[in-house]
Amino acid sequence: MKNIEELMQILPESFTPVDRELVTRAYQAAEKAHAGQVRVSGDTYTTHLLAVAAILADMNVQPSVIAAGLLHDILTDTPVKLNDLKKEFGDEIAGLVEGVTRLTNMPRISRADQHPEEAQETGNNGAQGSGEMVADSHGRRVDLKNENIRKTFIAMSDDIRIIIIKLADRLHNMRTLGYMPEAKRKQIAQETLDIFAPLASRLGIWRVKWELEDLAFRNAMPEEYKQIAQHLSTRHADREKEIHQIMIRLKDVMGQAGIQAELSGRPKHIYSIYRKMLEKNKPFNMVMDLRGVRIIVPQKEDCYAALGVIHSHWRPIPQEFDDYIAAPKDNLYQSLHTAVIYDDGKPLEVQIRTSEMHQSAEYGIAAHWRYKEKTSKRDDAYEQRLVWMRKLMEWRQEVEETQELADGKSDIFEDRVFVFTPRGDIIELPVGSTPIDFAYHVHTEIGHRCRGAKVNGKLVSLDYPLKTGDQVSILTSKQGGPSRDWLNPNLGLVKTQRARAKIFQWFKRQDREQNLSTGKAILEKELHRLGMNEVNLEMVVQYFEYKTLDDLYVALGCGEISPGRIINKLGEFEKQQKDPLFTPKAPLVEKPGSVSVLGLKGLLTTMGRCCNPMPGDDIVGYITRGRGATIHRQDCPNILRVEDRERIIRVSWGEKVMTFPVPVEVKAYDRQGLMGDIITILTQEGINILNANLRVTQSYATINLVLEIGNIGQLSKVLNRIENLPNVMEVYRVKPG
Ligand code: MN
């Protein structure tokens, strides 16, 4: 394809003049930006862009996708910026181009775009990646690794059209691979077999899958390719004639049965022949004896009618029948497959499907656009297919990994993020994982010595939630261990069980004396902060079944038990002693009691008008249609009369919520937004502020708050969180009196 006029001619007929103008505009922008760039072949770079657009046009994609196809290399190879694209082409197209750029820059995937300088390079990260894959002798591991790359690919594209553009890009680069040096060629070909062809297959785009496979096979294994191709060409003429005769015969048989059918010989793909030879461990001739025809009929019912006709004329081969219409394949492929013994005594494969199923098989997920009017952008079926595909991949991986995840079972069913090491290896972590989780995943020692992290080259805080596609590098100290803060669940620094277990182990290995003094210091600091001076620690020691107070300190010191649990227990014990902990001078704030429905938290409740239950009455709930439960007194005549006893449930009055005003002081170096951050934490914890006062002297801030606190555990948690805000030096409860 040499110029834009040729592209214009093959655009789908449904494109309006406005659509065509958009495509032209995208082309002009690309031509200007890529001006002067050439491919290894010597062609201008725009030939590549036009070819990619043409592949997309053949799939009948929307105008915006063709425009994005023309612009797909503009952010990588030219000075044009994302904002320029947004301004000129809007968010949708800019978003697609940005997505493709993300995939292009993905570590582990080589750039197959044929810039002259890339043709010389041999040792980029892509080369390493592929080399490892080939060199790895454990087949399953290789598969898992490739599966991870494919999953990352999908996860990094929030829009399936991004992957379709990337496939079109790769397809054209494969078609022109001959211009690249041999080493590069093999590497890109292997990657295409490992990553791109399976992706096309998973999206059900057979047409692209087959072409990618044949092109890749030819470059990755030129000898094997040549052999099969030669075999094919020597038998080519005979074969054509034979298939042609079979088709005439079948058409005739269908006509007699009154079935309107179109017949075609099935093109044999070289790579699929090779695969079959490997699978069945048979030489070429045996595999090639399998001849195939395809029958296309108007309606689904005709498929089964046609099948009946075939089976009544020729003897079906047992085990070779598959009904993919009733039970579609994973990628929604539908067809009937059978094999019969033909007139000449040799097997004949037959596929039967409707033309709609055929379109869907050839173009997969892209087929959707072929039937769509251009106005509807995304419809439900398409979205469903996409969601389904993502689910499928997650599920598959989970099944594979179940065995391997002995220590982190709880992580299995959470959503995942895929991030990269500096070398480009993919690390899979649960959503919400932090750089510390990442560090422990890479290596326990790296975890212990983690002191900071960079994501995509920028420093981030250690509680940064990693996102798919992030490249993470860990800054380590020469020696030292994890910080005790990492185990503090209030700070959200560690997400995975695996990392938590490793941190815990590290502390446990420290010697007893050290753990004892650390534990003691932690608890004393916490008690001081909470203004709890005279507490009975012996009760806690007994409750948690430690032998001595020292043992409790050691457990605290090594992270076996959190200060929060001890404080909570202390709070309960103190409460039993008539609350010496809180001896407030201000009156208690008492929130109205609410009804809690046992076993059905959060159910909508209304009070029965007939008996007007008051707190303290014995009550029951009656499940209504659409209005939750109505609360009645147990002796309410209406309740006694109910016949459908199953609709009556046990309920009880919720506990009265008591809160206490607690004065708290925060000391910090003043900074902008400090008060806002504190208020955010209080809001998140559901704590009311009764009074607030801020004084600043020479950039030194003292904040006095009066908080409405329900229990000591809540106070401990919130003080903990505030103390970990940047610039905060100290937070403590101001002792009453
Ligand atoms: Mn490209």
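Order of appearance sets the numbers: ligands from 1, and atoms from 1 within every ligand.
Of all the N, O or S atoms in Asp73, the one closest to the Mn ion (ligand 1) is OD2. Shortest distance from the Mn ion (ligand 1) to Asp169 is reached at OD1 (N/O/S atoms only). The minimum distance between the Mn ion (ligand 1) and any N, O or S atom of His72 involves atom NE2.
No side-chain donor-acceptor contact under 3.5 Å links His48 and Asp43. Between the side chains of Thr176 and Arg39, at least one donor-acceptor pair of N or O atoms lies under 3.5 Å.
Taking backbone and side chain together, His172 holds no N, O or S atom under 2.8 Å from the Mn ion (ligand 1).
A 6.0 Å sphere centred on CZ of Arg275 holds no more than 12 heavy atoms belonging to other residues, nucleotides or ligands.
Between His34 and Tyr45, the ring planes are parallel. Angles under 30° get that label, and only those over 60° would be called perpendicular.
Rounded to 10°, the angle formed at the Mn ion (ligand 1) by Asp113 OD2 and His48 NE2 is 120°.
For the side-chain contact (heavy atoms from CB on, under 4.5 Å) with Glu213, the qualifying choice from Leu193, Ile270, Thr192, Val208 is Leu193, the only one to do so.
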